[in-house]
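Only one structure is covered here, and it is reproduced in the block below.
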Amino acid sequence: MLTVYTESEEETLNLGIKIGENIFYPSLIALIGELGSGKTTLVRGIARGMGIKARVKSPSFIIINEYPGVIPLYHFDLYRLNDPQEINSLGYEEYFYKKGGVVVIEWADKILEFLPSDYLEIRLKVEDLERRKLILLSRGDKKYSKLIEKLRENTKRGKIDVNTGNGNIPS
Ligand SMILES: Nc1ncnc2c1ncn2[C@@H]1O[C@H](COP(=O)(O)OP(=O)(O)OP(=O)(O)O)[C@@H](O)[C@H]1O
Ligand SMILES: [Mg+2]
């Protein structure tokens, strides 16, 4: 488990970039956090860290956005999902189990029972106007522990340090 505090949108973006630089695939990242806690900002950073040039937007009506890249990113935003069963109609299994890219899900707490056993859980909490607390956990078979350790190396006293460490994807 790793706890990171961010004090601006940019700092959350930087954490996302570090995750994106070090992510492997297939992988699944479950984001759990209230409105405005920084979920989309984090996805934006992850995309940037993965070398994806397109701008990540919150899907308004579409629930999944796909961003092609060296590794594709599949961005789910389940804000508008009323009933967990609705994700069956999206063909979610294809994304969660077969496509082999990086899947990031906003409001993942709505569909916990559909998630694979292994995933990276990130809980986001609004502590203040600009202060966010992010808790990263490797769920299941500890597949994500190495990534968390790598991020820990880039963290000093709970803050992401942008000046240390290298990712595995050249920019
Ligand atoms: N430390 C911070 N990290 C991220 N965003 C921050 C931070 N401080 C302030 N903000 C602001 O909070 C908002 C976060 O928006 P964002 O869309 O990333 O959140 P979200 O969790 O995806 O929201 P939603 O639940 O509506 O999808 C932005 O307006 C951003 O400027
Ligand atoms: Mg969002």
Side-chain angles (χ1 to χ4, degrees), residues 1-23 27-69 72-84 86-87 89-90 92 95-96 101-115 119-137 139 144 147-148 150-152 154-165 167:
M1 190 185 109
L2 174 68
T3 303
V4 177
Y5 294 92
T6 66
E7 253 137 352
S8 65
E9 187 171 354
E10 194 194 353
E11 287 187 12
T12 299
L13 194 72
N14 286 336
L15 170 61
I17 292 172
K18 284 288 168 213
I19 295 171
E21 284 174 348
N22 291 288
I23 197 67
S27 59
L28 190 145
I29 304 174
L31 304 182
I32 303 175
E34 60 204 289
L35 276 171
S37 55
K39 301 181 293 298
T40 302
T41 304
L42 201 61
V43 180
R44 213 165 263 155
I46 292 169
R48 201 183 286 181
M50 288 169 64
I52 290 169
K53 297 280 182 284
R55 184 171 165 79
V56 169
K57 291 184 281 186
S58 288
S60 44
F61 291 101
I62 315 153
I63 288 175
I64 313 171
N65 279 335
E66 305 193 7
Y67 299 96
L73 172 68
Y74 303 108
H75 176 201
F76 284 66
D77 189 330
L78 304 181
Y79 179 65
R80 287 185 172 75
L81 199 78
N82 298 311
D83 177 347
E86 283 175 34
I87 74 149
S89 65
L90 300 173
Y92 78 93
Y95 293 92
F96 292 9
V102 175
V103 174
V104 185
I105 309 167
E106 294 192 43
W107 299 100
D109 44 325
K110 292 190 177 193
I111 53 144
L112 286 182
E113 66 263 45
F114 294 97
L115 295 179
Y119 59 91
L120 175 65
E121 177 177 310
I122 305 182
R123 291 197 173 258
L124 304 91
K125 214 173 162 341
V126 178
E127 294 215 313
D128 210 331
L129 204 57
E130 293 217 277
R131 189 173 160 90
R132 305 287 185 266
K133 181 181 188 179
L134 298 98
I135 298 172
L136 290 77
L137 270 172
R139 290 284 184 194
Y144 296 88
L147 169 62
I148 290 180
K150 181 81 195 171
L151 294 168
R152 200 187 304 281
N154 288 277
T155 307
K156 273 193 199 138
R157 282 176 240 100
K159 305 276 287 176
I160 276 289
D161 183 353
V162 287
N163 299 315
T164 55

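Atoms within a ligand are numbered from 1 in the order they appear, just like the ligands themselves. Since the model is a prediction, treat every value here as computed from it, not as a measurement.
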How far is [atom] from its nearest protein heavy atom, and which residue and atom is that?
| atom | result |
| --- | --- |
| atom 19 (O) of ligand 1 | Gly38 N, 3.1 Å |
| atom 17 (O) of ligand 1 | Thr40 CB, 3.7 Å |
| atom 26 (O) of ligand 1 | Leu35 CD2, 3.5 Å |
| atom 30 (C) of ligand 1 | Glu9 OE1, 3.5 Å |
| atom 18 (O) of ligand 1 | Thr41 OG1, 2.5 Å |

Check [X] against [Y] and note the closest heavy-atom contact, atom names and distance.
| X | Y | answer |
| --- | --- | --- |
| Tyr67 | Ala54 | CD2-CB, 3.9 Å |
| Leu147 | Ile19 | CD1-O, 4.3 Å |
| Trp107 | Glu34 | CH2-C, 4.0 Å |
| Arg152 | Met1 | NH2-O, 3.1 Å |
| Ala30 | Tyr119 | CB-CD1, 3.7 Å |
| Thr12 | Gly38 | CG2-O, 3.9 Å |

- atom 24 (P) of ligand 1: which of Arg44, Glu130, Lys39 has the nearest heavy atom? Lys39

- Item | Option with minimal heavy-atom separation from atom 27 (O) of ligand 1, where the choices are Arg132, Lys57, Glu106, Glu11 | Glu106

- So, is Ser58 placed with an N/O/S atom under 2.8 Å from the Mg ion (ligand 2), counting both backbone and side chain? no

Once you restrict to heavy atoms under 4.0 Å, what part of [X] touches ligand 1? Side chain, backbone, both or neither.
| X | answer |
| --- | --- |
| Trp107 | side chain |
| Thr12 | side chain |
| Leu42 | neither |

- Message: Is the shortest side-chain heavy-atom distance between Val126 and Arg132 below 4.5 Å?
- Response: yes

- Could you tell me whether the side chain of Phe96 reaches within less than 4.5 Å of the side chain of Ile105, counting heavy atoms only? yes

- Query: Looking at Glu106, which of its N, O or S atoms is the nearest one to the Mg ion (ligand 2)?
  - Reply: OE1

[X] touching ligand 1 at heavy-atom level, < 4.0 angstrom:
| X | answer |
| --- | --- |
| Glu34 | yes |
| Leu13 | no |
| Ser58 | no |
| Gly36 | yes |

- Query: Is the closest basic N to carboxylate O distance between Lys159 and Glu7 below 4.0 Å?
  - Reply: yes

- Message: Are Tyr92 and Phe76, when compared by the centres of their aromatic rings, separated by less than 6.0 Å?
- Response: no

- Item | Asp77 N/O to ligand 1 N/O under 3.5 Å | no

- Note on the structure: Under 4.0 Å from one or more heavy atoms of Ser8, ligand 1 contributes atoms 1 (N), 2 (C), 3 (N), 7 (C)

- Contact atoms of ligand 1, heavy-atom distance to Leu129 under 4.0 Å: 8 (N), 9 (C)

- Could you tell me whether the side chains of Ser58 and Thr40 share a donor-acceptor contact shorter than 3.5 Å? yes

- Message: As an exercise, state the distance from CG of Leu13 to CZ of Arg48, rounded to the nearest 0.5 Å.
- Response: 4.5 Å

